[in-house]
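Hydrogens, waters and symmetry mates are skipped; everything else that's a heavy atom, side chains included, is used.
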Amino acid sequence: MTLTEVPQEILIEILKGLDTKSLLCCGSTCRMIYEICVTTPELRYTIDLAMDGFSERVIKTSYTDLLARMHELRLSWAKLVWKRTTEVDLHVKRNHIRIYRLVAGVFAMTNGEKISFTWLPTSTRNYHRRSIEYLSIGSEISTFAIDPTQDLLVVWERNPGRFHIRTLSTSHVHPLAARGLLEYEGDITLPARLEITVDVVGFVTDSNFSVRRLMIWNWKKGVLIYDSHSIGQPLAHHITNFSFLSEDAFMLASKDAQGALFLYSFDPSSPDLSIPTLCATLHLLTMSILFKFEIHSSPIYPAHPDISTFWSLTESHVVVLSLYYVTDTSYGFLENYVVYLHKHTLLDYVHQFRQQASATRSSPIAFPNLNVDWKVWGEKNVRFMKAPPTGSFTCVYGQRVIISYEEDTVEVLNFNIPSSTSVSAKAPSFVLHAEPSFEEPYSTVS
């Protein structure tokens, strides 16, 4: 009996057991199997979910309904068609906000003394909830980070040097944290930023001219995994930015020479201080002197946020690199460029390094890191173009990049338009007019 002679209902059950790549291979062998893959809702949903780079929130509904939701979301983003617009009054003036965060449907802001949170309405959450002057630590709030999927708030208190591990919902010590305060030695007077990824918190000082300090904590265990100062290897002055690639890998931006990305891996469950492993050095395009190098990336969550049925997989996230080149050393003229790429391009080199080190049974620290030229990794995997005008602000959310301009417009770059849609497969930009002032009600669309 050949495969085409197998009863269709049995063949469908066999195909359901395949992963996406195997399913696509089978669908390309003959028209009959292709038609089955296209017309069977569960198989079509499996393929479309992978093609869109999505993970799903488990809900009780049919595959036909899930497919309809996915295609509606795809079309809505492609043409920026909103279901509704809701105004949420933040009761605050713009010049009173020192720091704000918008993560997984929660808008958080601080005036340096207290933090307030607003849960914004979404396509799956019709209500909004606001807490005014929700948390105070008794001293200046230098910076903070949130992860609503873990009900997690991390606040940096500059003096004394420590991090508060709280919940968003109650402001109490987080029940999964071994310690409510993570303390470190040494004075930090520079600005700094925090980044949360699953069980770890990254903290890096922010300066283009001074020696930086990078710390990585396991906030659940209360353990300092890495401190660039404690191990006697402070970050060099040419390191300008930091961002997590995953819960066990991160990248550093270097403006040395022509610029490069350093990709590191580390053990998030390490019981004590350890040295991250340099996996790969990815060199940038050879141009003029690189003055500044910034990384913009999307948050990484351990659980699916409840604000949407679908959410972008970590490896499908877009990473944005902002490059500032000096074109005239006498007058200091700058030319700004931006690089767009998918995170899996970077993660592939981390995985490749680990596989090669494992195959040779070498210690990862002793194994030489991958040294990759721009022509090898960059030319076919990125979009390199002129940066938006000075004064714009870039945010990354999954596979979409939001750029706001001083002239009250917002540009949405969508890097997830499958060729199966009726919209062009190129990554277009759509311009919306938005009101940037917090003195007026905040407008959210879903």
Side-chain angles (χ1 to χ4, degrees), residues 145 147 149-150 152 154 156 162-163 165 174 176-179 181-186 192-205 212-236 239 241-254 261-282 295 297-303 313-315 317 319 343-372:
D147 181 353
T149 67
Q150 301 187 85
L152 176 62
V154 180
W156 175 41
R162 58 188 183 180
F163 305 97
I165 310 299
H174 200 289
L176 297 181
R179 293 189 287 157
L181 289 174
L182 305 179
E183 299 175 297
Y184 60 87
E185 296 181 355
R193 66 186 185 91
L194 283 165
E195 192 171 317
I196 302 172
T197 296
V198 192
D199 294 350
V200 293
V201 176
F203 172 86
V204 63
T205 56
R212 286 171 171 262
R213 184 176 183 180
L214 171 62
M215 288 184 280
I216 299 177
W217 294 80
N218 185 312
W219 66 267
K220 289 185 178 179
K221 296 181 178 181
V223 174
L224 180 60
I225 299 173
Y226 172 66
D227 184 351
S228 59
H229 279 208
S230 296
I231 64 172
Q233 296 180 353
L235 298 185
I239 299 298
N241 222 229
F242 154 88
S243 186
F244 283 114
L245 283 169
S246 64
E247 62 183 271
D248 60 359
F250 65 87
M251 54 183 161
L252 296 177
S254 167
L261 277 174
F262 297 135
L263 311 183
Y264 288 84
S265 66
F266 66 96
D267 181 4
S269 61
S270 175
D272 205 345
L273 280 172
S274 58
I275 301 176
T277 301
L278 177 59
C279 300
T281 301
L282 308 184
I295 302 173
S297 60
S298 187
I300 301 172
Y301 308 113
L313 293 167
T314 298
E315 55 268 28
H317 285 180
V319 176
K343 187 170 286 186
H344 65 74
T345 300
L346 306 175
L347 286 171
D348 285 348
Y349 284 104
V350 176
H351 300 327
Q352 182 181 337
F353 172 86
R354 288 171 175 168
Q355 291 172 356
Q356 291 182 6
S358 176
T360 58
R361 298 183 180 181
S362 302
S363 167
I365 295 179
F367 194 79
N369 75 91
L370 305 174
N371 198 1
V372 190

| query | Do F266 and I216 have side chains that get closer than 4.5 Å, going by heavy atoms? | reply | yes
| With sequence neighbours excluded, what pairs up with A280 under the side chain to side chain contact (heavy atoms under 4.5 Å, CB included) test? | L263, L282, Y349, L370
| task | Report the residues that fulfil side chain to side chain contact (heavy atoms under 4.5 Å, CB included) with L347, sequence neighbours left out, ordered by chain and then residue number. | result | L245, S246, E315, K343, H351
| request: Could you tell me whether F203 and F163 have their ring centroids closer than 6.0 angstrom? | output: yes
| From NE2 (H229) to CE (M215), nearest 0.5 Å | 8.5 Å
| query | Going by the salt bridge (Lys or Arg N to Asp or Glu O under 4.0 Å) test, which pairs reach into residues 344-358, not counting sequence neighbours? | reply | D248-R354
| Partners meeting side chain to side chain contact (heavy atoms under 4.5 Å, CB included) with K221 (sequence neighbours left out) | N218, V223, S269
| message | Does any part of the side chain of L224, heavy atoms only, come nearer than 4.5 Å to the side chain of L182, both counted from C-beta? | response | no
| task | With sequence neighbours left out, write down each residue that passes side chain to side chain contact (heavy atoms under 4.5 Å, CB included) with S254, or none if nothing qualifies. | result | H238, I239, D256, F262
| field | With sequence neighbours excluded, residues passing side-chain hydrogen bond (donor to acceptor under 3.5 Å, both in side chains) with T281 | value | N369
| task | Pick out which of L214, N241, L261 makes a side chain to side chain contact (heavy atoms under 4.5 Å, CB included) with L252. | result | L214
| task | State the CZ-OG1 distance between F244 and T197, to the nearest 0.5 angstrom. | result | 5.0 Å
